[in-house]
Amino acid sequence: MDTQPVLAPAIDASASVMCQLLSPEGDPLGAALYLPQNVGPPQLQEIVNQLLHNEEKLPYAFYVGDEELSIQLGAYMRQKNANVEVTLRIVCQPQALFRIRPVNRCSATIAGHTEAVIAVSFSPDGKSLASGSGDTTVRFWDLSTQTPLFTCKGHKNWVLCIAWSPDGKQLVSGSKSGELILWDPKTGNQLGTPLMGHRKWITAVSWEPVHLQSPCFRFVSASKDGDARIWDVTTRKCVISLTGHTSSVTCVKWGGDGLIYTGSQDCLIKVWETSQGKLVKTLKGHGHWVNSLALSTEYVLRTGAYDHTGKTFSTAEEMKEAALARYKKMRGNAPERLVSGSDDFTMFLWEPTISKQPKARMTGHQKLVNHVYFSPDGQWLASASFDKSVKLWNGITGKFVAAFRGHVADVYQISWSADSRLLLSGSKDSTLKIWDIRTRKLKMDLPGHADEVYTVDWSPDGEKVASGGKDRVLKLWMN
Amino acid sequence: MPQGDHIELHQKRHGKRLDHEERKRKREAREVHRRSKDARNLLGAKGKRFAQKCYAEKAQMKKTLKMHDESTKRQKVDDDVQEGALPPYLLDRDQTQRAKVLSNTIKQKRKEKAGKWDVPLPKVRPVAEEEMFKVLRTGKRKTKQWKRMVTKATFVGAGFTRKPPKYERFIRPTGLRFTKAHVTHPELKCTFNLDIISVKKNPNGPMYTSLGVMTRGTIIEVNVSELGLVTPAGKVVWGKYAQVTNNPENDGCINAVLLV
């Protein structure tokens with residue numbers, strides 16, 4: 001009967017909002033503050049910088065709940081009809097100082113391989129590029145002239161995976177016949193004889209981080225025969241063999257605190273310690289093959305001491321210290337997080353150093369998850385699946401954030417830009433797509449490949465993207 | 001007794017010559033010199049025949065030597081490098097092949113250059129009008145004969161509304177209307193049930209095309225979005241042409257082959 005319109009609660013222009021600023025892990029940054037209504041993100045940034053006593057003004061992004069706060073506090077409260085009496089909890093996430101521009105054109109299509117390009121990888125300093133292919137060769141490419149540099153022959157069967165050492169001095173490649181060969185990127189020559197030992201093909205290779213050992217001389221390789229082996233480059237021998245899996249080991253990662261994580265087709269993830277090769281933990285939970293592992297500090301371990309400033313190091317000691325500083329900053333106080341993606345359409349978030357139980361289970365994909373990758377700052381996690389979508393998750397809690405749809409066939413691999421603002425995905429439908437994390441939308445579509453795209457990589461300096469696939473050409477993209 | 005046996009007969013009767021063995025040995029020793037003399041001096045047809053015989057013997061000797069060599073050595077079996085290299089995450093998976101954009105674009109370009117469509121059924125039996133239409137007699141005395149009913153399969157489209165019955169000349173019965181076709185991909189050899197978007201061309205005439213009649217050899221446009229094809233420019237392909245390969249009015253379904 002009463003048709004009086006409901007009046008919106010009048011918010012006084014001079015009233016203030018009670019806010020509590022939190023760090024991404026949930027720790028409060030100082031006490032709760034009364035902030036006036038017209039405070040927006042730039043002012044909040046200044047406050048946070050002062051609270052943390054930062055020397056440089058670092059950019060921050062602010063999140064309330066899971067939504068980004070991009071307008072002034074007053075407008076936000078009005079929009080959400082939030083209760084003024086409850087303290088507003090604002091999470092501050094540090095952003096990268098530098099901003100990477102999205103690539104939008106294919107600057108070069110370099111032919112050279114005579115069979116499908118299977119693996120492509122930039123060196124940790126972003127200055128060199130290597131690729132492995134089904135024609136049994138590993139090729140090095142010159143980025144400044146965009147032409148081939150060296151063709152390295154030596155493998156007997158398809159080159160399945162390549163990995164740069166974090167100091168950028170060596171490259172190891174594993175093949176379908178189970179052998180590993182080390183190459184010198186400066187001359188293109190083989191360093192010594194092939195390392196034999198595995199009985200079946202190599203599925204993944206990972207180097208020991210440079211902050212634990214510099215110069216790098218150890219790496220671990222995983223194979224279909226079910227064991228992972230730690231090799232020593234200087235003695236050219238297999239130092240330790242990590243056996244225990246009953247089925248093919250699909251991926252292996254050398255963690256920053258000296259633990260090795262292996263994921264296998266027997267649905268288990270095993271954690272090993274590296275001095276004697278003993279099994280520390282077995283993480284159970286998946287119902288089907290574990291396809292991919294990701295560590296929250298992975299990007300820092302991969303790039304070692306190099307970062308966006310482009311500084312070069314003269315001695316191994318310097319490199320080790322710089323890498324250690326970067327690693328400590330990245331990790332903070334939190335333990336290393338591990339995410340595993342599986343054929344059972346779900347992913348688990350683990351904190352292996354703390355407990356055997358998973359921290360979160362991430363469901364939502366409708367087909368198997370092929371590749372999972374943490375963003376370089378560890379805040380986000382992206383997963384590529386054969387259900388044609390890429391999903392974005394919160395890297396700390398494992399909560400679902402957004403789904404990126406656009407591909408029309410299985411999404412094979414993903415790669416992050418160095419500032420964690422852009423995500424690149426390569427798919428079976430022959431296109432690459434760049435997704436913007438802030439707007440949660442498609443930023444750039446990069447068609448051009450004639451056939452399936454098997455591998456993508458974004459250079460650590462953010463300038464270039466390299467992609468290779470079934471059409472046997474290597475494409476370099478720039479903006 | 002045959003003519004040439006006198007040598008043997010004498011040897012049987014009186015025994016061999018006393019220096020027989022020595023003469024035989026020396027003769028065989030001289031064979032090498034004789035052979036070499038022949039090789040140097042034989043000319044013409046005889047020379048050719050001799051050379052051929054020598055070569056055949058040499059080849060045979062080489063084969064036997066190689067055979068003997070092989071059994072002493074042990075060779076490592078090299079695994080053949082197969083075609084179709086796959087990344088490690090696809091190696092254990094049995095993936096059904098999907099339509100390739102590569103073959104599509106090259107053939108498209110060739111077709112555009114040639115200027116004509118290369119269809120699987122270039123010639124079809126022409127369908128006469130009496131076979132296509134059935135005459136309907138209308139009117140109070142059933143003397144008017146201007147209405148026709150289509151006897152073949154048709155496609156009318158989603159928003160189709162009939163003309164007022166008094167004025168419609170061509171009747172397309174709902175029983176003969178189809179919306180889906182069984183389209184086979186010629187390279188993958190698998191068949192998909194795809195929606196028809198339109199009838200592009202009926203070889204029997206433009207009138208049948210406009211009516212939407214589908215007979216054998218008709219080019220139809222089908223919705224291929226479920227195949228997940230992408231052009232090199234990055235656009236998703238959602239419609240492609242296909243040619244009808246059966247007689248739908250006899251079978252009750254439309255079978256077509258995709259034109260790639």
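Letters A, B, ... are given to chains in the order of the sequence lines, protein chains preceding strands, and every chain is numbered from 1. Note that the structure is a prediction, hence the values are computed from the model and not measured.
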Nearest 0.5 Å please: distance from the [atom1] atom of [X] over to the [atom2] atom of [Y].
| X | Y | atom1 | atom2 | answer |
| --- | --- | --- | --- | --- |
| B:Tyr89 | A:Trp289 | OH | CH2 | 15.0 Å |
| A:Ser247 | B:Asp92 | OG | CG | 8.0 Å |
| A:Asp429 | B:Leu229 | CG | CG | 10.0 Å |

Please examine the side chains of B:Pro88 and A:Ile118, heavy atoms only from C-beta on, and report whether any two atoms are closer than 4.5 Å.
yes

Under 6.0 Å from the CD atom of B:Glu168, do we count more than 12 heavy atoms belonging to anything else shown?
yes

Take atom NZ in B:Lys201; do more than 12 heavy atoms of anything else shown fall under 6.0 Å from it?
no

Should B:Arg93 and A:Asp343 count as an ion pair when the cut-off is N to O under 4.0 Å?
yes

What verdict does the side-chain contact (heavy atoms from CB on, under 4.5 Å) test give for B:Leu91 and A:Leu160, after you've listed the backbone C-alpha separation in whole Å, the side-chain angles of each residue and the deciding distance to 0.1 Å?
CA-CA 10 Å; B:Leu91 272 175; A:Leu160 288 179; 3.7 Å; yes

Check A:Gly134 against B:Ala85 and note the closest heavy-atom contact, atom names and distance.
CA-CB, 3.3 Å

Please state whether the side chain, the backbone, both or neither of A:Thr431 comes within less than 4.5 Å of a heavy atom of chain B.
side chain

When A:Lys433, A:Lys224, A:Lys176 are compared by non-hydrogen pairs under 4.5 Å with chain B, the top option:
A:Lys224

With a 3.5 Å distance limit and no angle check, can you tell me whether A:Trp158 reaches the backbone of B:Glu83 through a side-chain donor-acceptor pair?
no

